[in-house]
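Just below is one structure, and these are the notes that go with it.
If you're wondering where the values come from, they're calculated on a predicted model, not measured in any experiment.
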Amino acid sequence: MDNTKQLLDCIVRGIQEKKGQRIVIIDLSTIEGAITKYFVICEGGSPTQVEAITESVGDMAREELGEKPTKVIGLGPSQWVAMDYVDVLVHIFVPDMREFYDLENLWQDAPMHTIPDE
């Protein structure tokens with residue numbers, strides 16, 4: 001398993017650890033000009049849960065793979081947090097912000113994989 005696949009698996013487990021919902025992985029690796037290889041999109045029911053998911057993903061990736069995001073933005077209001085792992089961009093939303101930005105629709109040409117809620 002290559003490093004990116006290991007990172008994706010670790011990120012998904014970090015999200016699930018804090019009961020993140022509606023996880024979608026968008027494969028952008030074949031999209032010319034895309035800023036990353038994968039988007040991972042999920043949601044938490046409140047800003048507090050969004051922060052908990054962010055912390056869980058960061059801790060798990062660091063502890064298991066030695067990976068740290070190059071940048072994390074959105075942590076003050078925690079309506080939408082983006083974690084940049086270069087090949088993987090993680091987007092953690094509250095539901096209304098996810099609906100508003102509708103990233104899945106923006107990248108509808110790319111293959112998507114939905115992870116069932118636990």
Side-chain angles (χ1 to χ4, degrees):
M1 190 190 306
D2 74 3
N3 290 348
T4 304
K5 297 290 186 202
Q6 286 180 317
L7 181 58
L8 284 168
D9 181 58
C10 189
I11 289 167
V12 167
R13 285 186 288 109
I15 294 167
Q16 291 172 330
E17 176 80 15
K18 296 298 177 184
K19 309 291 187 231
Q21 299 287 302
R22 297 182 54 218
I23 304 168
V24 174
I25 298 171
I26 303 176
D27 182 349
L28 302 171
S29 62
T30 61
I31 305 292
E32 194 171 323
I35 58 173
T36 188
K37 291 182 182 176
Y38 294 92
F39 273 0
V40 177
I41 303 170
C42 71
E43 64 187 55
S46 68
T48 303
Q49 188 181 13
V50 167
E51 283 184 24
I53 292 167
T54 303
E55 188 175 316
S56 177
V57 168
D59 288 349
M60 209 169 270
R62 186 179 63 256
E63 291 166 10
E64 292 184 15
L65 304 173
E67 294 278 351
K68 293 181 182 176
T70 59
K71 195 168 207 174
V72 178
I73 57 171
L75 268 174
S78 297
Q79 301 287 309
W80 173 11
V81 174
M83 303 176 78
D84 185 352
Y85 284 95
V86 182
D87 286 343
V88 181
L89 254 174
V90 184
H91 299 275
I92 308 164
F93 289 97
V94 292
D96 59 334
M97 289 305 236
R98 182 177 185 171
E99 188 176 320
F100 179 79
Y101 287 102
D102 196 15
L103 294 182
E104 290 96 331
N105 191 46
L106 285 175
W107 294 99
Q108 65 186 347
D109 294 345
M112 289 188 202
H113 176 64
T114 302
I115 309 292
D117 289 340
E118 288 191 331

Exercise. Mind telling me whether His91 and Phe39 have parallel, tilted or perpendicular rings, with 30° and 60° as the class edges?
Key: perpendicular

Practice problem: Take Val40 and Met83 through the test side-chain contact (heavy atoms from CB on, under 4.5 Å) and record every step on the way to the result. | Solution: CA-CA 10 Å; Val40 177; Met83 303 176 78; over 6 Å; no

Practice problem: Nearest 0.5 Å please: distance from the CG atom of Leu8 over to the CG atom of Asn3. | Solution: 11.0 Å

Exercise. Can you see which heavy atom on Ser78 is nearest to which on Leu75, and at what distance?
Key: OG-O, 3.2 Å

Quiz item: Does Phe100 share a hydrophobic cluster with Val24, counting links as ILVMFWY side-chain heavy atoms below 4.5 Å and allowing steps through other members?
Solution: yes

Quiz item: Rounded to the nearest 0.5 Å, how far does CD1 of Ile41 lie from CD1 of Ile115?
Solution: 12.0 Å

Quiz item: Is it the case that more than 12 heavy atoms not belonging to Glu55 sit under 6.0 Å from its CD atom?
Solution: no

Quiz prompt | side chain to side chain contact (heavy atoms under 4.5 Å, CB included) partner of Val81, chosen from Val57, Val72, Val90, Ile53 | solution = Val72

Quiz prompt | Validation row: Tyr38, Asp27 side chains within 4.5 angstrom (heavy atoms) | solution = yes

Quiz prompt | Pairwise distance CE(Met112) to CD1(Ile25) - rounded to 0.5 angstrom | solution = 12.0 Å

Quiz item: Hey, mind stepping through Asp87 and Leu7 against side-chain contact (heavy atoms from CB on, under 4.5 Å) and telling me if it holds?
Solution: CA-CA 9 Å; Asp87 286 343; Leu7 181 58; 5.8 Å; no

Exercise. Keeping the roles fixed (side chain from Thr54, backbone from Val50), state whether a donor-acceptor pair exists under 3.5 Å.
Key: yes

Self-check item: Closest approach of Arg22 to Glu43 (non-hydrogen atoms, all atoms of both residues)
Solution: NH1-OE1, 2.8 Å

Quiz item: With distance as the sole test, does Asp84 use its side chain to make a donor-acceptor pair with the main-chain N or O of Pro69 at under 3.5 Å?
Solution: no

Exercise. Could you go through the side-chain contact (heavy atoms from CB on, under 4.5 Å) check for Thr48 and Glu51 one step at a time?
Key: CA-CA 5 Å; Thr48 303; Glu51 283 184 24; 5.8 Å; no

Quiz item: What about Leu28 and Ile92, same hydrophobic cluster or not, with Ile/Leu/Val/Met/Phe/Trp/Tyr joined at side-chain heavy-atom distances under 4.5 Å?
Solution: yes

Quiz prompt | Side-chain (Gln79) to main-chain (Val94) donor-acceptor, under 3.5 angstrom | solution = no

Quiz item: Does the pair Lys5/Asp9 count as a salt bridge with the N-to-O cut at 4.0 Å?
Solution: no

Exercise. Provide the closest heavy-atom pair for Gly44 versus Pro95 in the form atom of the first, atom of the second, distance.
Key: O-CD, 3.2 Å

Quiz item: Do the side chain of Thr36 and the main chain of Val88 share a donor and acceptor less than 3.5 angstrom apart?
Solution: yes

Quiz item: For Thr4 and Asp2, does a side-chain donor sit closer than 3.5 Å to a side-chain acceptor?
Solution: no

Self-check item: Co-membership, hydrophobic cluster, residues Ile23 and Leu106, 4.5 Å side-chain
Solution: yes

Exercise. Grab the two heavy atoms, one from Pro47 and one from Pro77, that are nearest each other, plus how far apart they are.
Key: CB-O, 3.7 Å

Quiz item: If you take all heavy atoms of Ala61 and Tyr85, which pair is closest and at what distance?
Solution: CB-OH, 3.7 Å

Quiz item: Can Ile31 be reached from Tyr101 by stepping across I, L, V, M, F, W or Y side chains whose heavy atoms are under 4.5 Å apart?
Solution: yes

Exercise. List the steps and the verdict of side-chain contact (heavy atoms from CB on, under 4.5 Å) for Arg13 and Glu64.
Key: CA-CA 11 Å; Arg13 285 186 288 109; Glu64 292 184 15; 2.6 Å; yes

